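Here is the structure we will look at.
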Amino acid sequence: MTTGYVFHPEYLWHDTGTSAGLLPADPTAGVQPAVHVENPDAKRRVHELIHACGLLGELMVIEPRRATVAELTRVHTPAYVQHIKTQSDLRGGGGDAGDGFSPVGHGSYDIARLAAGGLIELVTAAAHGDITNGYALVRPPGHHATANQGMGFCLFNNIAVAARHAQAELGLARVAVVDWDAHHGNGTQAIFNDDPSVLTISLHQAGCFPPDSGWTHENGTGDGTGYALNVPLPPGSGHAAYLNAIHQVVLPALDRFAPDLILLANGFDANVFDPLARQMLTAASYREMTRLLVSAADQLCHGRLIAAHEGGYSPFYTPYCALAFLEELTGTTTHVTDPLAAVVAGYTAEPFLPHQCEVIAAAAQLVERIS
Ligand SMILES: O=C(CCC1CCCC1)NO
Ligand SMILES: [Zn+2]
């Protein structure tokens, strides 16, 4: 079993500026400059941990390439692709992808193309049998980007571009997208909302971002009715809730859909230390969730599971969640264990939230619409 790995230094050069965490600095309005929360640090530390612990040697490094405009416009409008290029060409950066929360630095257009192209190269390697599964540690993230709007730090929808490439060029007709980033995968859902050939399943903190998005009743439209599933879990949801959602919704849905490829929008921002959500997953949670998804991919589609890094903003804890994920993806272990396991053991004594069961049951009921 071979695991592919995509990383490139340029991903760390996507400049999100000195936005005050989330918003452009505005000293006269009392908004002090600060490093943007979507900065290279957490991703760099993931890569460094993978290298330092020796796991990099177990991976097949796949070189990314820049997605072409033709590949991008399978998903995005030509006008939107051009908008990102125009914003990226601004000398001194300061551009935005559309919602005021999604910085486009000088040169970010080519870096965002390299992120989408990294996913294309991974799904191609999987389709050709060069790898079984893979992980693309990319910036900028993508799952909020719709056909014509950047959103939530996302420029191009890396997962959606890869899905359409897999269908158009690799003969992988049925693609399932699982999104366990803490925030709703609204962009991916919107892009495929009326298309039954792509199943989207999003587990996220209810109502966190985008506001008022990702409710269970959002179940696809037209021919795509039944092929979008949402599990909006209440703040404070942790290991038990997410594993229940995986067992009761994700796995049965994948079984019924019988994908040729599983894509994972792999955000780690549902971890207990993340600043942009209020969920309580730990490295051990990501390990178990990944084990279940790898097993499903083995049973359904020759192990073809390709993950794109999305959110995950805690520079000190994200690396341990990512390492646990990668150890399960590769079927190996390293000498590094979660040094905060004892701390989080108390942290994550998850309060039983009756509403969690209702949310999961409501989503589970919709699984039978998949054929
Ligand atoms: O991690 C993210 C980004 C969420 C933020 C975007 C603006 C406020 C919350 N999306 O998956
Ligand atoms: Zn997120």
Side-chain angles (χ1 to χ4, degrees), residues 11 14 16-25 31 34-43 46 96-105 108 112 115-116 119 136-146 149-160 177-191 200-214 218 230-235 237-238 242 245 263-281 285-286 289 307-315 317-319 321-322 325:
Y11 296 145
H14 166 55
T16 48
T18 59
S19 305
L22 285 175
L23 292 165
V31 184
V35 173
H36 194 281
V37 67
E38 202 292 305
N39 63 66
D41 200 26
K43 285 85 172 176
V46 169
D96 188 89
D99 68 343
F101 281 113
S102 308
V104 178
S108 288
L119 270 299
L137 177 53
V138 295
R139 278 182 82 232
H143 74 142
H144 292 308
T146 65
Q149 161 92 34
M151 196 183 300
F153 314 152
C154 299
L155 274 58
F156 298 137
N157 196 312
N158 304 316
I159 284 274
V177 180
V178 177
D179 184 330
W180 62 42
D181 184 284
H183 308 98
H184 178 221
N186 66 293
T188 314
Q189 175 180 297
I191 289 163
T200 61
I201 312 171
S202 182
L203 313 181
H204 46 269
Q205 180 180 320
C208 186
F209 186 85
D212 197 20
S213 177
E218 297 169 32
N230 285 289
V231 187
L233 291 167
S237 293
Y242 275 79
L263 297 176
L264 172 64
N266 190 15
F268 292 106
D269 43 8
N271 83 60
V272 66
F273 290 106
D274 200 275
L276 289 192
R278 293 296 171 270
Q279 304 299 58
M280 296 206 298
L281 296 181
S285 309
Y286 287 103
M289 289 159 61
H309 195 95
E310 297 280 358
Y313 306 97
S314 165
Y317 199 58
T318 302
C321 298
F325 158 78

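Count residues from 1 along the sequence. Atoms within a ligand are numbered from 1 in the order they appear, just like the ligands themselves. Just so we're clear, the structure is a prediction, and the values are computed from it rather than from any experiment.
- Rounded to 10°, the angle formed at the Zn ion (ligand 2) by Asp181 OD1 and His183 ND1 is 100°.
- Remark: the His14 side chain and the Ser108 side chain contain an N/O donor-acceptor pair separated by less than 3.5 Å.
- Remark: Phe209 engages His144 in a ring-ring contact (aromatic ring centres under 6.0 Å, His included) (not counting sequence neighbours).
- Distance check for Glu310 against the Zn ion (ligand 2): none of its N/O/S atoms falls below 2.8 Å.
- For the side-chain contact (heavy atoms from CB on, under 4.5 Å) test with Lys43, the passing option among Thr318, Leu137, Val138 is Leu137; the others fail.
- Closest to the Zn ion (ligand 2) among the N, O or S atoms of Asp269 is OD2.
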Identify the protein atoms, limited to N or O, that lie within less than 3.5 Å of an N or O atom of ligand 1, and list each pair with its distance to 0.1 Å.
residue  : atom   : partner : partner atom : Å
ligand 1 : 1 (O)  : His183  : ND1          : 3.1
ligand 1 : 1 (O)  : Asp269  : OD2          : 2.9
ligand 1 : 1 (O)  : Tyr313  : OH           : 2.5
ligand 1 : 10 (N) : His144  : NE2          : 2.6
ligand 1 : 10 (N) : His183  : ND1          : 3.3
ligand 1 : 11 (O) : His143  : NE2          : 2.6
ligand 1 : 11 (O) : His144  : NE2          : 3.1
ligand 1 : 11 (O) : Asp181  : OD1          : 2.7
ligand 1 : 11 (O) : Asp181  : OD2          : 3.3
ligand 1 : 11 (O) : His183  : ND1          : 3.2

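- By the ring-ring contact (aromatic ring centres under 6.0 Å, His included) test, Tyr11 pairs with no residue at all, sequence neighbours left out.
- With hydrogens and angles left out, the side-chain atoms of Asn157 and Thr188 include a donor and acceptor closer than 3.5 Å.
- A search for ring-ring contact (aromatic ring centres under 6.0 Å, His included) contacts involving His143 returns nothing, not counting sequence neighbours.
- Under the 30°/60° scheme for interplanar angles, the aromatic rings of His309 and Phe268 are found to be tilted.
- In this structure, a donor-acceptor pair under 3.5 Å is present between the side chains of Asn230 and Gln189.
- Metal site remark for the Zn ion (ligand 2): His204 contributes no N, O or S atom at a distance under 2.8 Å.
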